[in-house]
A.B. asks: 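Structure incoming, see below.
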Amino acid sequence: MQIKAMLVLLAAAASAGAWAQDPDAARPIVIKFSHVVAPDTPKGRAAERFKELAEQMTDGKVKVEVYPNSSLYKDREELEALQLGAVQMLAPSLAKFSPLGVREFEAFDLPYIFPSKAALYAVTEGRIGKNLLRKLEPKGITGLAYWDNGFKVMSANRPLLAPKDFKGLRMRIQASKVLDAQMRALGARPQVLAFSEAASALRDGVVEGSENTPSNMYTQGMHETQTHLTVSNHGYLGYAVIVNKKFWDGLPANIRATLERAMREATAYQKTIAQRTNDAALESIRGAGTTTIHQLTPQQQTEWRRALLPVYGQMETRIGKDIMRAISQEVRR
Ligand code: LMR
C-alpha cells in the first residue's frame with residue numbers, strides 16, 4: 001500500500017515537473033487545412049487569409065497549415081481524412097458532398113439555378129444554407145461557412161456554341177450526379193475525375209473538354225491544351241468550409257469563438273475577391289493567346305437553357321423536391 005501510494009506521488013510529482021518544463025505546454029493548436037486548388041484562386045487566397053487572421057487573433061495559440069493543390073489529399077480522400085481527424089479543415093466544392101450521403105448539396109450544381117450572386121448569397125447566408133450545413137453534423141463534420149468561386153465556363157478543342165457542339169464529347173466533371181445529367185442533356189459523355197487529374201487528362205486526351213471557373217482553369221494551365229472556351233455561366237461552383245466536429249467541439253471555448261470570428265472575416269474577404277480573381281484569370285487566358293473565348297448570343301443562351309431544363313426533373317428525387325423548391329423560391333424573391 002505504502003509503495004503504491006509513493007509511486008502515485010512520484011508519478012504526480014514527475015508529471016507536474018514535466019508540465020512545468022514541458023515544451024508541449026506552449027505548443028500551438030495546429031489546424032491542417034487541406035485543399036485541391038492553387039494558392040492564387042478564390043479558395044486558395046481565402047485559406048491564406050484565414051490562416052493569417054486565425055494566427056494573429058489567437059496570438060499564435062493556433063497555427064494553421066494550409067496544404068494547397070492536393071499536396072496532402074485528393075478530392076475524395078480529403079473527406080475521409082477529415083472524418084478520421086488526419087486533417088482538421090477543408091473547403092470541398094458543394095458538388096463533392098454526396099459521398100457523405102448528403103445529396104442535397106448537389107442542388108447548387110443545377111444549371112442556371114442562381115440568376116445572380118445576390119440570389120446565391122440569399123441561399124447560402126439564409127435559413128437554407130444553415131440547415132444544409134447542419135446535415136453534416138451526424139457525419140462528424142461541422143460546417144462553418146460558404147465560400148464563393150463563381151460561375152463556370154466550358155472548354156474544349158472546338159467551339160461550344162450550341163448544345164449540338166457537345167455531341168459525343170468526353171467532358172471532365174466533378175463527382176456530382178447533377179453534373180453528369182447536365183453533360184448528358186447536352187449530348188456529351190461525362191467522366192468523373194479528381195481535380196488533381198483534370199489538367200493532365202485534358203493534355204493526354206483522356207477527356208476532351210471540361211467545365212470550371214476561369215481561375216481554376218488558368219491556375220492549372222488547362223487553357224494551354226484547350227483551344228476554345230465559352231463564357232456560358234451555366235452553373236455555379238462554390239464551397240463549404242468544414243471542420244472535424246470532435247476537434248472543433250474539443251477546442252477551448254474562447255479559441256473556438258476567436259476562430260469563428262477569423263472565419264467570418266476571411267469569408268467577407270473571400271466575397272470581395274472571388275469575382276475579381278475570376279475576371280483576372282479570364283483576361284490572363286485571353287492574354288496567353290492559346291484559347292479563343294466565346295460569348296453566347298441571347299438566342300444561343302436560350303437554346304442552352306432549353307436543353308438543360310430536363311435536368312431539374314431528372315434530379316428531383318435524388319436531391320429532394322423540398323430543397324429544390326425552397327431554393328427556387330428564395331432565388332426569385
Ligand atoms: C473541381 O474539382 O473542378 C473543383 O471542385 C475544384 C475546386 O475545389 O475548386
Side-chain angles (χ1 to χ4, degrees), residues 33-48 50 66-79 81-82 87 89-100 102 105-111 120 124 143 145-156 170-180 182-183 188 190-203 206-223 225-226 229 232-242 267 270-271 273-275 277-278 281-282 285:
F33 187 162
S34 169
H35 70 82
V36 300
V37 295
D40 193 17
T41 55
K43 176 163 64 181
R45 292 174 69 188
E48 284 302 327
F50 172 71
V66 181
Y67 297 92
N69 266 326
S70 310
S71 52
L72 275 190
Y73 299 105
K74 297 195 222 173
D75 290 339
R76 188 152 181 168
E77 298 164 0
E78 67 174 17
L79 283 171
L82 184 83
V87 293
M89 189 175 278
L90 306 174
S93 89
L94 301 167
K96 293 177 184 166
F97 280 83
S98 72
L100 293 174
V102 195
F105 282 95
E106 288 185 2
F108 286 89
D109 298 328
L110 285 164
L120 163 77
T124 52
Y146 288 93
W147 280 0
D148 201 5
N149 189 329
F151 294 106
K152 291 177 285 186
V153 302
M154 292 276 197
S155 76
R170 285 194 308 277
M171 297 291 285
R172 181 266 164 175
I173 55 163
Q174 307 175 74
S176 153
K177 285 281 182 268
V178 172
L179 299 179
D180 183 280
Q182 168 203 270
M183 289 302 183
Q191 189 161 334
V192 173
L193 285 174
F195 185 65
S196 55
E197 289 153 17
S200 58
L202 286 168
R203 191 182 55 234
V206 175
V207 285
E208 297 159 297
S210 75
E211 60 159 13
N212 223 307
T213 57
S215 59
N216 273 353
M217 284 195 177
Y218 181 68
T219 51
Q220 299 297 319
M222 294 185 195
H223 62 292
T225 56
Q226 296 274 273
L229 182 157
S232 46
N233 297 328
H234 61 280
Y236 174 71
L237 175 64
Y239 311 102
V241 187
I242 55 177
T267 302
Q270 219 269 335
K271 260 170 103 171
I273 58 148
Q275 187 65 47
T277 310
N278 278 308
L282 190 64
I285 294 174

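We count ligands from 1, going down the list as the structure has it; atoms in each ligand are counted the same way. Bear in mind that the values here come from a model prediction, so they are computed numbers and not experimental data.
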A.B. asks: Give the atoms of ligand 1, by number and element, whose distance to some non-hydrogen atom of S93 is under 4.0 Å.
C.D. replies: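 So the atoms of ligand 1 that pass are 5 (O).
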A.B. asks: Considering non-hydrogen atoms only, spot the tightest contact between V36 and D75 and give its length.
C.D. replies: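 Nearest pair, atom of V36 first, then D75: CG1-OD1, 3.5 Å.
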A.B. asks: Counting heavy atoms only, which part of N212 comes closer than 4.0 Å to ligand 1: side chain, backbone, both or neither?
C.D. replies: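 Just the side chain.
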A.B. asks: Heavy atoms only, cut-off 4.0 Å: how does K152 contact ligand 1, side chain, backbone, both, or neither?
C.D. replies: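 Neither part.
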A.B. asks: For ligand 1, does K43 get within less than 4.0 Å through its side chain, its backbone, both, or neither, judged by non-hydrogen atoms?
C.D. replies: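 Near ligand 1, K43 shows its side chain, while the N, CA, C and O stay back.
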A.B. asks: One residue to check: N216. Relative to ligand 1, which of side chain, backbone, both or neither has a non-hydrogen atom less than 4.0 Å away?
C.D. replies: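 Side chain only.
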A.B. asks: Please state whether the rings of F105 and F108 are parallel, tilted or perpendicular, taking 30° and 60° as the class boundaries.
C.D. replies: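 If you compare the ring of F105 with that of F108, the planes turn out parallel.
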A.B. asks: Does any N or O in the side chain of N278 come within less than 3.5 Å of the main-chain N or O of S215, such that one atom is a donor and the other an acceptor?
C.D. replies: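 A pair under 3.5 Å: yes.
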A.B. asks: What is the minimum heavy-atom distance between A198 and M222, and which atoms define it?
C.D. replies: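 For A198 and M222, the tightest heavy-atom pair comes out as CB-CE, 3.9 Å.
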A.B. asks: Does the side chain of N212 come within less than 4.5 Å of F195's, by heavy atoms?
C.D. replies: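 Answer yes - side chains close enough.
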A.B. asks: Atoms of ligand 1 less than 4.0 Å from Q174 heavy atoms?
C.D. replies: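 Every atom of ligand 1 under 4.0 Å from some heavy atom of Q174: 1 (C), 2 (O), 3 (O), 4 (C), 5 (O).
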A.B. asks: Just which atoms of ligand 1 are under 4.0 Å from any heavy atom in K96?
C.D. replies: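 This gives 1 (C), 2 (O), 4 (C), 5 (O), 6 (C) as the contact atoms.
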A.B. asks: Please list the nearest protein heavy atom to atom 9 (O) of ligand 1 with its residue and the distance rounded to 0.1 Å.
C.D. replies: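 Protein heavy atom with the smallest distance to atom 9 (O) of ligand 1: Y239 OH, 2.5 Å.
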A.B. asks: Suppose we measure from atom 7 (C) of ligand 1 to each protein heavy atom; which comes out shortest, and what is that distance?
C.D. replies: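 So the nearest neighbour among protein heavy atoms is V37 CG1, 3.3 Å.
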A.B. asks: Consider salt bridge (Lys or Arg N to Asp or Glu O under 4.0 Å). Of K74, R172, R203, which one does E197 pass it with?
C.D. replies: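 Of K74, R172, R203, salt bridge (Lys or Arg N to Asp or Glu O under 4.0 Å) with E197 is met by K74 alone.
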